[in-house]
Amino acid sequence: MAKQVRTRGATLETHDDATIQWLLDGDPAIRWQTLCDLVDASERAVERERSKVARDGWGARLLARQDPSGTWAGGQSSDGGLYSPKWTSTHYTMLLLRDFGLAADNRQARTACRLLLDEGLQHDGGINYGPWGKWTQRGEQCVTGMVLSILSYFQYDDDRLDTLVRNLLELQMPDGGWNCRRPYGATHSSVHTTISALEGLRYYELHRGRQRKAVRAAQSRGREFLLVHRLFRSHRTGKIIKPVFIRFAFPPRWHYDILRALDYFQAADAPRDPRLADAIDIVQSNRCEDGRWPLQQSFRGKTYFEMERLGAPSRWNTLRALRVLKWWKA
C-alpha cells in the first residue's frame, strides 16, 4: 500500500515520502516552498529556509548578475535591458526572483522595481517598453499584468500601481478575459494574457489590498473565462486548443499552460469547480513512476544558467503539481 505524507489538512499519497525528500534536497527556492506548501513545517523553519534564496543557489546567482544601474542585461537591447533580451532582461529576471520567493524588501529587487515602473508606464496607464512603447504610448496587457505582479509581490509602495490596476480593469473583455491584441481587433480573450492579468491582480489584492471589490470581481470573471474552456478546450468544439497547453514548462515566461493556471487557482484558493477536473486528470496522469513530474516544455532564448533539463524530472513541476493536487483534494 502506498505511503502517505501528512500535511496541513490533507494527505498526499503514493511516492510522496521520497518525492518530498527529493524536493527538500533541491535549491532553497524549492525547499522553502516545499516546507510551506507541502510539509507541516513551522513558520520559523520556512522563513529560515526562505532567507537563503538571496544568499545561495539560483537566487544568489541571479542577484550577482545585476548591473550597477539596477537592470539585468543593460545595454544589450534597444530598451536598455528592461524587457529584452528574452530571457535575461530585468523583467524576466524579476519574474524568476518573484517565483523563487526572494524577500519582498530586498534592496536590489526594489531598485529594479523602480526602473520597471518609471521606464515602462505609458499614458494609458499600462506598461510597455522599448521603441514600440514610446511610439504607441500604450501599455501591453500581458506586460502590464506581469509587471503588476512583480511590483505587488515586492511591495513597491507607489500609487501608480493603482493606475496599472485601473488599466487592466478597463481593458477586461466582455467574455471575462484579456487579450493584448484587442487594440488590433481581437474580440476573444487570450489565455496567455488572461493568466498574466489574473496573477497580477492576485498579487495586488494580497499585498496592496486597494480596490478590493473590483479586483476580486475581475478575477472571478477571468477565472470563469478559463473555466468555460476547461482551461484548455475550445468552448465551441470541446477540442484541445493547442497541445502545448497541456505540457508543463518552468519558467513559463509569458506562456500559458494548465499547470500554471491551476497553480493560480490554488494560490487564490478559488472554488474547486468541476470544470477543472479534466485538467486535474492530466496533471495526475503526467506523474512518472518515480513520483516526479518531468519538464515537458521550455522556450528558446538566452538564460543565465539552466535550472532543469528538458525531459528530466523537474522539481518545479513536481512542487507545483503536488500543491495543486493537495488543494484539489482538501
Side-chain angles (χ1 to χ4, degrees), residues 2-41 58 95-96 98-101 191 195 198-199 202 223 226-227 230-233 240 243-253 255-299 307-330:
K3 292 183 178 180
Q4 295 181 330
V5 175
R6 188 164 299 280
T7 64
R8 297 170 186 165
T11 56
L12 296 169
E13 299 182 357
T14 63
H15 310 270
D16 291 320
D17 283 348
T19 302
I20 288 180
Q21 184 57 56
W22 176 67
L23 293 174
L24 292 171
D25 290 338
D27 187 88
I30 297 289
R31 291 201 299 267
W32 84 261
Q33 293 183 67
T34 301
L35 291 171
C36 180
D37 298 338
L38 301 178
V39 178
D40 191 15
W58 297 327
L95 280 180
L96 273 179
R98 180 203 70 185
D99 290 341
F100 290 174
V191 290
I195 194 61
L198 285 173
E199 290 170 347
R202 186 187 78 82
R223 289 194 296 267
L226 296 179
L227 288 167
R230 298 182 180 269
L231 302 194
F232 65 100
R233 294 189 182 277
I240 295 174
V244 71
F245 292 168
I246 59 175
R247 296 200 296 269
F248 306 155
F250 194 91
R253 316 298 187 181
H255 297 270
Y256 174 91
D257 66 52
I258 62 170
L259 183 56
R260 180 182 176 186
L262 286 168
D263 204 26
Y264 160 78
F265 272 78
Q266 72 80 23
D269 196 21
R272 292 155 185 79
D273 193 289
R275 289 172 291 180
L276 295 171
D278 287 352
I280 291 288
D281 287 345
I282 291 172
V283 171
Q284 292 175 321
S285 69
N286 280 345
R287 194 174 196 182
C288 299
E289 290 184 2
D290 61 4
R292 306 168 186 179
W293 278 260
L295 183 66
Q296 298 175 307
Q297 179 75 14
S298 63
F299 304 105
M307 289 188 291
E308 300 178 322
R309 289 187 300 105
L310 186 64
S314 164
R315 286 186 169 91
W316 280 115
N317 283 348
T318 300
L319 166 67
R320 295 185 300 148
L322 285 177
R323 69 186 175 200
V324 161
L325 295 177
K326 176 187 172 184
W327 163 78
W328 180 252
K329 296 174 182 177

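Just so it is clear, the structure is predicted and the values come from calculations on it, not from any experiment.
- Remark: side-chain polar atoms of Arg223 are not paired, donor with acceptor, to backbone N or O of Phe265 under 3.5 angstrom.
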### Message
Would Arg287 and Thr19 count as a side-chain contact (heavy atoms from CB on, under 4.5 Å) here? Give the steps.
### Response
CA-CA 11 Å; Arg287 194 174 196 182; Thr19 302; 3.7 Å; yes
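- Between the Gln33 side chain and the Leu319 main chain, no donor and acceptor come within less than 3.5 Å of each other.
- Within a 6.0 Å sphere centred on CZ of Arg309, other residues, nucleotides and ligands contribute 12 heavy atoms or fewer.
- No donor-acceptor pair closer than 3.5 Å links the side chain of Asp257 to the backbone N or O of Phe248.
- No donor-acceptor pair under 3.5 Å is formed between the side chain of Gln266 and the backbone N or O of Leu262.
- Judged by distance alone, the side chain of Arg275 and the main-chain N or O of Leu226 form no donor-acceptor pair under 3.5 Å.
- Among all heavy-atom pairs drawn from Phe299 and Ala249, the shortest one is CE1-CB, 3.6 Å.
- No donor-acceptor distance shorter than 3.5 angstrom exists from the side chain of Trp293 to the backbone of Leu322, with no hydrogens or angles considered.
- Contact between Ile20 and Thr34 at its shortest, heavy atoms only, is CG2-CG2, 3.9 Å.
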### Message
Evaluate Arg233 against Ile240 for side-chain contact (heavy atoms from CB on, under 4.5 Å), listing each step before the verdict.
### Response
CA-CA 4 Å; Arg233 294 189 182 277; Ile240 295 174; 4.0 Å; yes
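- Here the CD1 atom belonging to Ile30 is positioned 8.0 Å from the CE atom belonging to Met307, to the nearest 0.5 angstrom.
- A salt bridge between Arg323 and Asp263 is present, with a side-chain N of the basic residue lying under 4.0 Å from a carboxylate O of the acidic one.
- Atoms CZ and CG, from Phe100 and Asp27 in turn, are 6.5 Å apart once rounded to the nearest 0.5 Å.
- Listed by chain and residue number, nothing satisfies the side-chain hydrogen bond (donor to acceptor under 3.5 Å, both in side chains) test with Arg253 (two or more places apart in sequence, or in another chain).
- Here the CD1 atom belonging to Ile282 is positioned 4.0 Å from the CD1 atom belonging to Ile258, to the nearest 0.5 angstrom.
- Evaluated for a ring-ring contact (aromatic ring centres under 6.0 Å, His included) with Tyr256, the options Phe232, Tyr264, Phe245 yield exactly one hit, Phe245.
- Contact between Cys288 and Pro294 at its shortest, heavy atoms only, is SG-CD, 3.8 Å.
- Atom CZ of Arg98 sits about 5.0 Å away from atom CG of Leu95, to the nearest 0.5 Å.
- Annotation for Lys326 and Asp37: closest pair NZ-O, 2.7 Å, computed over non-hydrogen atoms.
- Distance check, rounded to the nearest 0.5 Å: CZ of Arg247 to CG of Leu259 gives 14.0 Å.
- Side chains of Gln21 and Asp17: a donor-acceptor N/O pair is absent below 3.5 angstrom, by distance only.
- No side-chain donor-acceptor contact under 3.5 Å links Thr318 to the backbone of Arg315.
- Closest non-hydrogen pair, Ala261 versus Leu231, comes out as CB-CD1, 4.2 Å.
- For Asp99, the salt bridge (charged side-chain N to carboxylate O under 4.0 Å, His left out) criterion is met by no residue, not counting sequence neighbours.
- Between the OG atom in Ser314 and the CD atom in Gln297 there is a gap of 12.5 Å [rounded to 0.5 Å].
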### Message
Before you tell me yes or no, could you show the steps for Ile280 and Val324 under side-chain contact (heavy atoms from CB on, under 4.5 Å), namely the whole-Å CA-CA distance, both residues' side-chain angles and the distance that decides it to 0.1 Å?
### Response
CA-CA 8 Å; Ile280 291 288; Val324 161; 3.8 Å; yes
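- When all heavy atoms of Leu24 and Arg31 are compared, the pair lying nearest together is O-CD, 2.7 Å.
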